[in-house]
Visitor: 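Can you read through this structure? Questions will come right after.
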Amino acid sequence: AFTRTGYEFVGWGTGPETGNDFRGDGQSYDFSADVTIYAAWQIIPGLTAKTTFNVDMRFDRDDQFNPANTNILFNPTAAYNPALASGTYNNSLTYNLLNENTVDYSKSWDEHKLSVLVGYSVQREKSNSVNLNGSNYNNDEVPTMNNAANVVSGNGTGINEWRLLSQFARATYSFGDRYVVSGTLRRDGSSRFGSLNRWANFPSASAAWIASNESFFPQNNVLTEAKLRVSYGLSGSNSVGNYSQYARMSLAGNVYNFNSTNVAAAWVDNLGNPELTWEESRQTDIGLDLQFFKGRVSLVTEVYNRLTTNMLQPLNVLWSSGFGTANLNAGEIQNRGLEISISSRNTVNAVKWTTDFNIAMNRNKVLDLGGTQAFYSAGGNNSSPNLIAVGQPLGMFTHNIIDGFITQAEYNTFAQNLYSAPGNPVIPNPNYIPFGAPGYVPRAPGAVVGSWKYRDIGTNGDVPGT
(Lines give C-alpha, C1' and ligand atoms only; values in the text may rest on other atoms or scores of the structure.)
Protein backbone atom coordinates (compact mmCIF):
# COMPACT_ATOMS: atom_id res chain seq x y z
CA ALA A 1 0.00 0.00 0.00
CA PHE A 2 1.29 3.46 -0.84
CA THR A 3 -0.07 6.80 0.34
CA ARG A 4 1.17 10.26 -0.55
CA THR A 5 -0.33 13.28 1.18
CA GLY A 6 0.35 16.93 0.47
CA TYR A 7 -0.71 19.60 2.91
CA GLU A 8 -0.56 23.36 3.23
CA PHE A 9 -0.95 25.57 6.27
CA VAL A 10 -1.91 29.24 6.12
CA GLY A 11 -1.35 31.96 8.75
CA TRP A 12 -2.48 35.50 9.28
CA GLY A 13 -0.02 37.97 10.78
CA THR A 14 0.78 41.62 11.27
CA GLY A 15 3.36 41.83 8.50
CA PRO A 16 3.39 44.33 5.65
CA GLU A 17 1.12 42.06 3.58
CA THR A 18 -2.51 41.42 4.44
CA GLY A 19 -4.78 38.42 4.31
CA ASN A 20 -3.25 35.00 3.82
CA ASP A 21 0.28 36.24 4.28
CA PHE A 22 2.21 33.16 5.33
CA ARG A 23 2.03 29.77 3.71
CA GLY A 24 3.89 26.58 4.47
CA ASP A 25 3.67 23.23 2.81
CA GLY A 26 4.73 19.67 3.32
CA GLN A 27 4.49 16.18 1.91
CA SER A 28 3.99 12.88 3.66
CA TYR A 29 4.76 9.44 2.20
CA ASP A 30 3.56 6.17 3.66
CA PHE A 31 4.42 2.83 2.09
CA SER A 32 3.70 -0.62 3.56
CA ALA A 33 3.99 -4.14 2.21
CA ASP A 34 3.26 -7.57 3.65
CA VAL A 35 4.41 -10.50 1.50
CA THR A 36 4.29 -14.20 2.35
CA ILE A 37 5.64 -17.07 0.25
CA TYR A 38 5.87 -20.74 1.14
CA ALA A 39 6.93 -24.08 -0.27
CA ALA A 40 5.68 -27.52 0.80
CA TRP A 41 7.07 -30.96 0.04
CA GLN A 42 5.37 -34.28 0.72
CA ILE A 43 8.32 -36.51 1.58
CA ILE A 44 6.22 -39.67 1.97
CA PRO A 45 2.48 -40.13 2.40
CA GLY A 46 1.57 -38.49 5.70
CA LEU A 47 4.91 -36.67 6.12
CA THR A 48 5.09 -33.06 4.86
CA ALA A 49 7.82 -30.42 5.15
CA LYS A 50 6.96 -26.73 4.78
CA THR A 51 8.94 -23.51 4.85
CA THR A 52 7.40 -20.04 5.00
CA PHE A 53 8.96 -16.61 4.48
CA ASN A 54 7.17 -13.41 5.50
CA VAL A 55 8.32 -9.81 4.95
CA ASP A 56 6.42 -6.97 6.63
CA MET A 57 7.87 -3.58 5.69
CA ARG A 58 6.82 0.00 6.42
CA PHE A 59 8.37 3.25 5.16
CA ASP A 60 7.32 6.69 6.42
CA ARG A 61 8.64 10.05 5.30
CA ASP A 62 7.47 13.54 6.19
CA ASP A 63 8.91 16.80 4.77
CA GLN A 64 7.82 20.22 5.99
CA PHE A 65 8.95 23.58 4.64
CA ASN A 66 8.28 26.85 6.43
CA PRO A 67 8.90 29.87 4.18
CA ALA A 68 10.22 33.15 5.55
CA ASN A 69 7.99 34.87 8.11
CA THR A 70 5.95 31.79 9.05
CA ASN A 71 7.08 32.39 12.62
CA ILE A 72 4.07 34.65 12.90
CA LEU A 73 1.82 31.68 12.12
CA PHE A 74 2.90 30.11 15.40
CA ASN A 75 2.76 33.39 17.37
CA PRO A 76 0.19 35.63 15.60
CA THR A 77 0.08 38.21 18.42
CA ALA A 78 3.81 38.96 18.18
CA ALA A 79 5.15 42.01 16.42
CA TYR A 80 6.24 41.52 12.84
CA ASN A 81 9.71 39.96 12.94
CA PRO A 82 11.07 38.69 9.62
CA ALA A 83 12.74 35.29 9.83
CA LEU A 84 14.46 33.11 7.29
CA ALA A 85 12.86 29.91 6.02
CA SER A 86 13.19 26.64 7.91
CA GLY A 87 12.20 23.01 7.45
CA THR A 88 12.15 19.51 8.91
CA TYR A 89 12.85 16.09 7.46
CA ASN A 90 11.69 12.82 9.04
CA ASN A 91 12.37 9.38 7.61
CA SER A 92 11.81 5.93 9.09
CA LEU A 93 12.05 2.40 7.71
CA THR A 94 10.92 -0.69 9.61
CA TYR A 95 11.02 -4.25 8.35
CA ASN A 96 10.08 -7.50 10.03
CA LEU A 97 11.41 -10.79 8.64
CA LEU A 98 10.00 -14.16 9.68
CA ASN A 99 11.08 -17.61 8.53
CA GLU A 100 9.24 -20.67 9.83
CA ASN A 101 10.12 -24.29 9.02
CA THR A 102 7.95 -27.26 10.01
CA VAL A 103 7.67 -31.00 9.49
CA ASP A 104 4.19 -32.49 10.00
CA TYR A 105 3.31 -36.18 10.28
CA SER A 106 -0.29 -37.46 10.27
CA LYS A 107 -1.60 -41.02 10.45
CA SER A 108 -5.01 -42.63 10.93
CA TRP A 109 -5.86 -46.26 11.70
CA ASP A 110 -9.11 -47.81 12.92
CA GLU A 111 -10.56 -45.23 15.31
CA HIS A 112 -7.22 -43.57 16.01
CA LYS A 113 -5.81 -40.34 14.61
CA LEU A 114 -2.34 -38.98 15.34
CA SER A 115 -0.69 -35.76 14.24
CA VAL A 116 2.83 -34.63 15.18
CA LEU A 117 4.46 -31.34 14.20
CA VAL A 118 7.96 -30.01 14.94
CA GLY A 119 9.34 -26.69 13.82
CA TYR A 120 11.85 -23.91 14.06
CA SER A 121 11.38 -20.19 13.41
CA VAL A 122 13.56 -17.08 13.36
CA GLN A 123 12.23 -13.53 13.45
CA ARG A 124 14.02 -10.21 13.15
CA GLU A 125 12.77 -6.63 13.21
CA LYS A 126 14.90 -3.56 12.55
CA SER A 127 14.00 0.14 12.43
CA ASN A 128 16.06 3.04 11.10
CA SER A 129 15.00 6.64 11.67
CA VAL A 130 16.33 10.10 10.83
CA ASN A 131 15.09 13.48 12.09
CA LEU A 132 16.72 16.68 10.78
CA ASN A 133 15.94 20.37 11.31
CA GLY A 134 17.12 23.00 8.84
CA SER A 135 17.20 26.77 9.38
CA ASN A 136 18.35 29.98 7.67
CA TYR A 137 17.46 28.87 4.17
CA ASN A 138 19.07 31.01 1.45
CA ASN A 139 15.69 31.63 -0.18
CA ASP A 140 12.14 30.30 -0.45
CA GLU A 141 12.63 28.80 -3.88
CA VAL A 142 14.35 25.54 -2.90
CA PRO A 143 12.54 23.79 0.00
CA THR A 144 15.04 20.94 0.46
CA MET A 145 17.69 20.64 3.17
CA ASN A 146 20.58 21.43 0.83
CA ASN A 147 19.31 25.05 0.78
CA ALA A 148 19.64 25.41 4.57
CA ALA A 149 22.65 27.17 6.06
CA ASN A 150 22.29 25.20 9.29
CA VAL A 151 21.26 21.55 9.48
CA VAL A 152 21.09 19.95 12.91
CA SER A 153 19.85 16.63 14.19
CA GLY A 154 16.47 16.99 15.86
CA ASN A 155 15.68 13.74 17.62
CA GLY A 156 18.79 12.29 16.06
CA THR A 157 19.27 9.17 14.04
CA GLY A 158 18.26 5.87 15.57
CA ILE A 159 18.50 2.14 15.03
CA ASN A 160 16.33 -0.35 16.91
CA GLU A 161 16.52 -4.09 16.47
CA TRP A 162 15.24 -7.25 18.14
CA ARG A 163 15.38 -10.94 17.34
CA LEU A 164 13.41 -14.00 18.39
CA LEU A 165 14.34 -17.66 17.92
CA SER A 166 11.77 -20.39 18.56
CA GLN A 167 11.67 -24.17 18.61
CA PHE A 168 8.31 -25.88 18.99
CA ALA A 169 6.56 -29.22 18.86
CA ARG A 170 2.92 -30.31 18.99
CA ALA A 171 1.25 -33.71 19.17
CA THR A 172 -2.50 -34.38 18.90
CA TYR A 173 -4.26 -37.72 19.36
CA SER A 174 -7.95 -38.53 19.02
CA PHE A 175 -9.92 -41.72 19.50
CA GLY A 176 -13.23 -42.41 17.86
CA ASP A 177 -13.96 -38.71 17.32
CA ARG A 178 -14.86 -38.64 21.02
CA TYR A 179 -11.66 -38.10 22.98
CA VAL A 180 -8.95 -35.64 21.98
CA VAL A 181 -5.69 -34.83 23.78
CA SER A 182 -2.99 -32.43 22.67
CA GLY A 183 0.35 -31.24 24.00
CA THR A 184 2.61 -28.39 22.90
CA LEU A 185 6.11 -27.32 23.89
CA ARG A 186 7.76 -24.07 22.85
CA ARG A 187 11.27 -22.87 23.59
CA ASP A 188 11.81 -19.18 22.83
CA GLY A 189 14.91 -17.01 22.98
CA SER A 190 14.68 -13.21 22.90
CA SER A 191 17.42 -10.65 22.30
CA ARG A 192 15.68 -8.30 24.77
CA PHE A 193 17.01 -10.24 27.77
CA GLY A 194 20.41 -10.89 29.29
CA SER A 195 22.58 -13.64 27.84
CA LEU A 196 21.90 -15.93 30.83
CA ASN A 197 18.10 -15.55 30.72
CA ARG A 198 17.16 -15.28 27.05
CA TRP A 199 15.65 -18.74 26.77
CA ALA A 200 12.50 -20.09 28.41
CA ASN A 201 10.22 -23.13 27.93
CA PHE A 202 6.45 -22.82 27.56
CA PRO A 203 4.49 -26.11 27.73
CA SER A 204 0.74 -26.54 27.37
CA ALA A 205 -1.77 -29.39 27.29
CA SER A 206 -5.45 -29.76 26.45
CA ALA A 207 -8.15 -32.42 26.38
CA ALA A 208 -11.67 -32.57 25.00
CA TRP A 209 -14.60 -34.95 25.28
CA ILE A 210 -17.20 -34.83 22.49
CA ALA A 211 -20.08 -36.34 24.43
CA SER A 212 -22.51 -36.08 21.54
CA ASN A 213 -20.53 -38.74 19.67
CA GLU A 214 -21.06 -41.31 22.43
CA SER A 215 -23.49 -44.15 21.77
CA PHE A 216 -25.46 -43.37 24.91
CA PHE A 217 -26.00 -39.70 23.99
CA PRO A 218 -29.73 -39.11 23.38
CA GLN A 219 -30.52 -38.60 19.71
CA ASN A 220 -32.91 -35.68 19.27
CA ASN A 221 -33.26 -32.47 17.32
CA VAL A 222 -32.90 -30.18 20.36
CA LEU A 223 -29.41 -30.77 21.75
CA THR A 224 -27.40 -32.04 18.79
CA GLU A 225 -23.79 -31.49 19.87
CA ALA A 226 -21.99 -31.25 23.22
CA LYS A 227 -18.28 -30.81 23.85
CA LEU A 228 -16.41 -30.41 27.12
CA ARG A 229 -12.83 -29.11 27.00
CA VAL A 230 -10.07 -28.22 29.45
CA SER A 231 -6.59 -26.78 28.94
CA TYR A 232 -3.59 -25.61 30.92
CA GLY A 233 -0.60 -23.77 29.58
CA LEU A 234 2.32 -21.48 30.21
CA SER A 235 2.98 -18.49 27.94
CA GLY A 236 5.58 -15.73 27.95
CA SER A 237 5.92 -12.05 27.14
CA ASN A 238 9.01 -10.06 26.15
CA SER A 239 7.23 -6.67 25.95
CA VAL A 240 9.92 -4.64 27.67
CA GLY A 241 11.43 -2.66 24.81
CA ASN A 242 14.84 -3.03 23.26
CA TYR A 243 18.15 -2.85 25.14
CA SER A 244 16.60 -2.70 28.63
CA GLN A 245 19.12 -5.27 29.82
CA TYR A 246 22.03 -2.93 29.04
CA ALA A 247 23.35 0.19 30.77
CA ARG A 248 23.10 2.60 27.83
CA MET A 249 25.39 5.57 27.24
CA SER A 250 24.25 9.08 26.35
CA LEU A 251 26.48 11.35 24.25
CA ALA A 252 24.54 13.89 22.21
CA GLY A 253 24.83 17.57 23.00
CA ASN A 254 26.94 17.31 26.15
CA VAL A 255 30.46 18.48 26.84
CA TYR A 256 32.88 18.39 29.74
CA ASN A 257 35.40 21.15 30.49
CA PHE A 258 38.84 19.60 30.79
CA ASN A 259 41.84 21.91 31.15
CA SER A 260 39.76 24.83 29.86
CA THR A 261 38.82 22.81 26.78
CA ASN A 262 35.37 21.43 26.07
CA VAL A 263 35.49 17.75 25.23
CA ALA A 264 32.70 15.29 24.45
CA ALA A 265 31.09 13.79 27.56
CA ALA A 266 29.29 10.48 28.02
CA TRP A 267 27.40 9.03 30.93
CA VAL A 268 25.21 6.07 31.79
CA ASP A 269 21.57 7.18 31.49
CA ASN A 270 19.79 4.06 32.78
CA LEU A 271 20.33 1.17 35.16
CA GLY A 272 20.83 -2.00 33.14
CA ASN A 273 19.55 -5.35 34.34
CA PRO A 274 21.41 -8.36 32.87
CA GLU A 275 19.10 -10.72 34.83
CA LEU A 276 15.97 -9.49 33.04
CA THR A 277 13.92 -12.43 31.71
CA TRP A 278 10.51 -13.52 30.42
CA GLU A 279 7.23 -12.52 32.02
CA GLU A 280 5.18 -15.71 32.48
CA SER A 281 1.45 -16.45 32.59
CA ARG A 282 -0.08 -19.75 33.70
CA GLN A 283 -3.68 -20.19 32.59
CA THR A 284 -6.36 -22.83 33.11
CA ASP A 285 -9.47 -22.89 30.91
CA ILE A 286 -12.63 -24.98 31.17
CA GLY A 287 -15.17 -24.69 28.39
CA LEU A 288 -18.50 -26.16 27.33
CA ASP A 289 -19.73 -25.95 23.71
CA LEU A 290 -23.34 -26.81 22.90
CA GLN A 291 -25.29 -26.79 19.64
CA PHE A 292 -29.06 -26.92 19.38
CA PHE A 293 -31.47 -27.62 16.53
CA LYS A 294 -28.80 -29.08 14.22
CA GLY A 295 -26.45 -26.14 14.60
CA ARG A 296 -29.03 -23.38 14.27
CA VAL A 297 -28.17 -22.14 17.79
CA SER A 298 -24.78 -22.49 19.47
CA LEU A 299 -23.69 -21.71 23.01
CA VAL A 300 -20.04 -21.35 24.06
CA THR A 301 -19.13 -20.85 27.73
CA GLU A 302 -15.66 -20.62 29.22
CA VAL A 303 -14.18 -19.95 32.65
CA TYR A 304 -10.50 -19.15 33.08
CA ASN A 305 -7.92 -18.47 35.74
CA ARG A 306 -4.66 -16.77 34.74
CA LEU A 307 -1.72 -16.05 37.04
CA THR A 308 0.96 -13.70 35.69
CA THR A 309 4.36 -13.73 37.43
CA ASN A 310 7.77 -12.12 36.89
CA MET A 311 6.01 -9.06 35.53
CA LEU A 312 8.14 -6.79 33.37
CA GLN A 313 7.78 -3.30 34.79
CA PRO A 314 9.78 -0.24 35.89
CA LEU A 315 10.01 -0.08 39.69
CA ASN A 316 11.57 2.38 42.10
CA VAL A 317 15.12 1.59 43.24
CA LEU A 318 17.38 3.16 45.85
CA TRP A 319 18.70 6.54 44.82
CA SER A 320 22.15 5.37 45.93
CA SER A 321 22.20 3.41 42.65
CA GLY A 322 22.24 6.73 40.82
CA PHE A 323 18.80 6.16 39.26
CA GLY A 324 15.19 6.40 40.34
CA THR A 325 13.76 3.39 38.49
CA ALA A 326 14.88 0.22 36.76
CA ASN A 327 13.19 -2.46 34.63
CA LEU A 328 12.72 -5.53 36.82
CA ASN A 329 10.93 -8.88 36.91
CA ALA A 330 8.65 -8.39 39.90
CA GLY A 331 4.99 -8.74 40.78
CA GLU A 332 2.04 -11.08 40.33
CA ILE A 333 -1.46 -10.46 39.00
CA GLN A 334 -4.40 -12.87 38.95
CA ASN A 335 -7.24 -12.73 36.42
CA ARG A 336 -10.39 -14.83 36.70
CA GLY A 337 -13.33 -14.60 34.39
CA LEU A 338 -16.36 -15.98 32.60
CA GLU A 339 -17.18 -15.59 28.92
CA ILE A 340 -20.47 -16.54 27.25
CA SER A 341 -21.40 -16.23 23.59
CA ILE A 342 -24.60 -17.23 21.78
CA SER A 343 -24.95 -17.40 18.00
CA SER A 344 -28.01 -18.20 15.94
CA ARG A 345 -28.79 -18.81 12.29
CA ASN A 346 -32.35 -17.53 12.09
CA THR A 347 -32.87 -18.07 8.38
CA VAL A 348 -30.82 -20.36 6.14
CA ASN A 349 -32.55 -20.10 2.77
CA ALA A 350 -32.00 -17.44 0.11
CA VAL A 351 -32.10 -14.74 2.77
CA LYS A 352 -29.62 -15.48 5.55
CA TRP A 353 -29.99 -13.80 8.95
CA THR A 354 -27.56 -14.48 11.80
CA THR A 355 -27.31 -12.93 15.26
CA ASP A 356 -24.60 -12.97 17.92
CA PHE A 357 -24.59 -12.14 21.62
CA ASN A 358 -21.64 -12.17 24.01
CA ILE A 359 -20.85 -11.14 27.56
CA ALA A 360 -17.60 -11.36 29.51
CA MET A 361 -16.78 -10.70 33.15
CA ASN A 362 -13.29 -10.43 34.60
CA ARG A 363 -11.98 -10.08 38.15
CA ASN A 364 -8.34 -9.16 38.54
CA LYS A 365 -6.27 -8.72 41.67
CA VAL A 366 -2.70 -7.58 42.30
CA LEU A 367 -1.03 -10.27 44.44
CA ASP A 368 2.52 -8.90 44.65
CA LEU A 369 4.47 -5.82 43.57
CA GLY A 370 8.00 -6.97 44.24
CA GLY A 371 8.03 -5.98 47.91
CA THR A 372 6.13 -2.72 47.44
CA GLN A 373 2.60 -2.54 48.80
CA ALA A 374 1.32 0.23 46.52
CA PHE A 375 2.39 2.88 44.06
CA TYR A 376 0.78 5.37 41.71
CA SER A 377 1.10 4.56 38.04
CA ALA A 378 1.94 8.14 36.96
CA GLY A 379 4.47 10.32 38.71
CA GLY A 380 5.18 7.81 41.45
CA ASN A 381 3.22 9.76 44.07
CA ASN A 382 -0.30 10.67 45.01
CA SER A 383 -0.47 13.32 42.30
CA SER A 384 -2.03 10.55 40.20
CA PRO A 385 -5.39 9.00 41.14
CA ASN A 386 -4.44 5.74 39.39
CA LEU A 387 -3.34 3.49 42.25
CA ILE A 388 -1.83 0.01 41.96
CA ALA A 389 -1.96 -1.78 45.31
CA VAL A 390 -1.60 -5.34 46.59
CA GLY A 391 -5.00 -6.94 47.12
CA GLN A 392 -6.77 -4.49 44.80
CA PRO A 393 -7.66 -4.58 41.09
CA LEU A 394 -5.14 -3.29 38.58
CA GLY A 395 -5.35 0.41 37.67
CA MET A 396 -7.75 1.39 40.44
CA PHE A 397 -9.07 4.97 40.37
CA THR A 398 -9.09 6.74 43.74
CA HIS A 399 -10.18 10.01 45.34
CA ASN A 400 -9.61 11.99 48.51
CA ILE A 401 -11.65 11.70 51.71
CA ILE A 402 -12.92 15.15 52.72
CA ASP A 403 -14.17 15.76 56.28
CA GLY A 404 -15.29 19.33 55.85
CA PHE A 405 -13.68 22.74 55.45
CA ILE A 406 -10.95 24.57 57.36
CA THR A 407 -12.24 27.23 59.76
CA GLN A 408 -10.40 30.39 60.72
CA ALA A 409 -9.80 28.99 64.22
CA GLU A 410 -8.29 25.77 62.83
CA TYR A 411 -6.13 27.80 60.50
CA ASN A 412 -4.83 29.90 63.41
CA THR A 413 -4.23 26.81 65.56
CA PHE A 414 -2.50 24.42 63.18
CA ALA A 415 0.60 24.90 61.07
CA GLN A 416 -0.03 27.21 58.16
CA ASN A 417 1.12 26.09 54.73
CA LEU A 418 0.37 26.58 51.08
CA TYR A 419 -2.44 24.04 51.08
CA SER A 420 -4.29 25.15 54.23
CA ALA A 421 -6.36 28.28 54.22
CA PRO A 422 -9.81 29.20 55.56
CA GLY A 423 -12.43 27.60 53.32
CA ASN A 424 -10.18 24.88 51.90
CA PRO A 425 -11.23 21.21 52.18
CA VAL A 426 -10.03 19.22 55.17
CA ILE A 427 -8.19 16.08 54.02
CA PRO A 428 -7.39 14.13 57.21
CA ASN A 429 -5.56 11.35 55.39
CA PRO A 430 -3.37 11.90 52.32
CA ASN A 431 -4.21 8.40 51.12
CA TYR A 432 -6.83 7.78 48.48
CA ILE A 433 -9.83 5.46 48.63
CA PRO A 434 -11.06 3.51 45.61
CA PHE A 435 -13.99 4.44 43.43
CA GLY A 436 -16.71 1.80 43.09
CA ALA A 437 -16.72 -1.85 44.06
CA PRO A 438 -13.13 -3.15 44.03
CA GLY A 439 -12.09 -6.09 41.94
CA TYR A 440 -15.04 -6.32 39.59
CA VAL A 441 -14.58 -5.01 36.08
CA PRO A 442 -17.42 -6.14 33.79
CA ARG A 443 -17.10 -5.69 30.08
CA ALA A 444 -20.27 -4.39 28.54
CA PRO A 445 -22.29 -7.11 26.83
CA GLY A 446 -22.46 -6.83 23.08
CA ALA A 447 -25.57 -7.63 21.08
CA VAL A 448 -26.36 -6.74 17.49
CA VAL A 449 -29.47 -7.12 15.38
CA GLY A 450 -27.47 -9.47 13.22
CA SER A 451 -26.19 -9.75 9.68
CA TRP A 452 -28.33 -10.18 6.60
CA LYS A 453 -27.32 -11.88 3.34
CA TYR A 454 -29.09 -12.81 0.15
CA ARG A 455 -28.37 -15.64 -2.28
CA ASP A 456 -25.34 -15.60 -4.60
CA ILE A 457 -26.85 -13.49 -7.35
CA GLY A 458 -23.68 -13.27 -9.44
CA THR A 459 -22.83 -17.00 -9.08
CA ASN A 460 -19.25 -16.01 -8.19
CA GLY A 461 -19.28 -17.43 -4.68
CA ASP A 462 -19.62 -13.99 -3.11
CA VAL A 463 -22.74 -13.47 -1.00
CA PRO A 464 -23.05 -9.77 -0.11
CA GLY A 465 -24.33 -8.88 3.34
CA THR A 466 -24.30 -6.37 6.15
Visitor: Are any non-hydrogen side-chain atoms of Gln245 and Phe193 less than 4.5 angstrom apart?
Guide: no

Visitor: Please determine, by modelled atom types, if Thr94 and Ser127 share a side-chain donor-acceptor pair under 3.5 angstrom.
Guide: yes

Visitor: Count the heavy atoms of every other residue, nucleotide or ligand shown that sit under 6.0 Å from CZ of Arg178, and state whether that count exceeds 12.
Guide: yes

Visitor: Tell me, do Leu93 and Lys126 make a side-chain contact under 4.5 Å, heavy atoms counted?
Guide: no

Visitor: Report the C-alpha distance between Asp285 and Arg229 in whole Å, list the side-chain angles of each, state the deciding distance to 0.1 Å, and finish with yes or no for salt bridge (charged side-chain N to carboxylate O under 4.0 Å, His left out).
Guide: CA-CA 8 Å; Asp285 292 86; Arg229 49 189 169 81; over 6 Å; no

Visitor: Can you see whether Asn305 engages Thr284 through a side-chain donor-acceptor pair at a distance of less than 3.5 angstrom?
Guide: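 Thr284 and Asn305 do not have a side-chain donor-acceptor pair below 3.5 Å.
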
Visitor: Would you please say whether a donor-acceptor pair under 3.5 Å links the side chains of Asn99 and Asn101?
Guide: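 Yes, side-chain donor-acceptor contact under 3.5 Å.
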
Visitor: Within the 3.5 Å criterion, strictly below it, is a donor on Thr102 or Asp104 matched to an acceptor on the partner's side chain?
Guide: no

Visitor: Side chains of Asn335 and Tyr304 only: does a donor on one sit below 3.5 Å from an acceptor on the other?
Guide: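 Asn335 vs Tyr304: no donor-acceptor pair found between side chains.
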
Visitor: Dump the intermediate steps for side chain to side chain contact (heavy atoms under 4.5 Å, CB included) on Arg186 and Phe168, then the final yes or no.
Guide: CA-CA 4 Å; Arg186 290 188 61 94; Phe168 48 90; 4.0 Å; yes

Visitor: When rounded to the nearest 0.5 angstrom, what distance separates CG in Leu299 from OG in Ser343?
Guide: 9.5 Å

Visitor: Go through the structure and list residues passing side-chain contact (heavy atoms from CB on, under 4.5 Å) with Ala207, not counting sequence neighbours.
Guide: Val181, Val230

Visitor: With a 4.5 Å limit on heavy-atom distance, are the side chains of Leu164 and Ser166 in contact?
Guide: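 When only atoms from C-beta onward are counted, Ser166 and Leu164 do touch, with a gap below 4.5 Å.
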
Visitor: Before giving the answer on salt bridge (charged side-chain N to carboxylate O under 4.0 Å, His left out), spell out for Arg282 and Glu280 the whole-Å C-alpha distance, their side-chain angles and the decisive distance to 0.1 Å.
Guide: CA-CA 7 Å; Arg282 293 172 169 83; Glu280 296 180 343; 3.7 Å; yes

Visitor: Are Thr277 and Asn197 close enough that a side-chain donor and a side-chain acceptor fall under 3.5 Å?
Guide: no

Visitor: Is the closest side-chain donor-acceptor distance between Glu161 and Tyr243 under 3.5 Å?
Guide: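 Their side chains do not contain a donor-acceptor pair, so the 3.5 Å distance test is not met.
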
Visitor: If you define the side chain from C-beta out and look only at heavy atoms, does anything of Tyr89 sit under 4.5 Å from Val151?
Guide: no

Visitor: Measure the spacing between OG1 of Thr36 and CG of Leu98 and express it to the nearest 0.5 Å.
Guide: 8.5 Å

Visitor: How about Gln123 and Asn96: does a side-chain donor come under 3.5 Å of a side-chain acceptor?
Guide: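 Their side chains do contain a donor-acceptor pair, which is all the 3.5 Å distance test asks for.
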
Visitor: More than 12 heavy atoms of other residues, nucleotides or ligands under 6.0 Å from CH2 of Trp109: yes or no?
Guide: yes

Visitor: Could you tell me the separation between the CD atom of Glu339 and the CG atom of Asn358, rounded to the nearest 0.5 Å?
Guide: 8.5 Å

Visitor: Once the angle between the rings of Trp278 and Phe202 is folded into 0 to 90°, is it parallel (under 30°), tilted (30 to 60°) or perpendicular (over 60°)?
Guide: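 Perpendicular: the ring planes of Trp278 and Phe202 meet at over 60°.
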
Visitor: Name all residues meeting the salt bridge (charged side-chain N to carboxylate O under 4.0 Å, His left out) criterion together with Arg198; count only those two or more places apart in sequence or in a different chain, and write none if there are none.
Guide: none

Visitor: Measuring from atom OH of Tyr105 to atom CG of Leu47, what distance do you get when rounded to the nearest 0.5 angstrom?
Guide: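 It comes to 8.0 Å.
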
Visitor: Under a plain distance cut-off of 3.5 Å, with no hydrogens placed, do Thr355 and Ser344 share a side-chain donor-acceptor pair?
Guide: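 A donor-acceptor contact under 3.5 Å links the two side chains.
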
Visitor: May I ask you to check whether Arg187 and Asn201 show a side-chain donor-acceptor distance below 3.5 Å?
Guide: yes

Visitor: Nearest 0.5 Å please: distance from the OG1 atom of Thr308 over to the CD atom of Gln283.
Guide: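 Thr308 OG1 to Gln283 CD: 8.5 Å, rounded to 0.5 Å.
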
Visitor: Taking all atoms of both residues into account, what is the closest heavy-atom pair of Asp368 and Val390, and its distance?
Guide: CA-CG2, 4.3 Å

Visitor: Checking Asp177 against Asn213: is there a side-chain donor and acceptor pair closer than 3.5 Å?
Guide: no

Visitor: Can you find a pair of side-chain heavy atoms, one from Leu276 and one from Asn329, that are under 4.5 Å apart?
Guide: yes

Visitor: Any chance the side chains of Thr172 and Ser182 put a donor and an acceptor closer than 3.5 Å?
Guide: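 Yes, side-chain donor-acceptor contact under 3.5 Å.
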
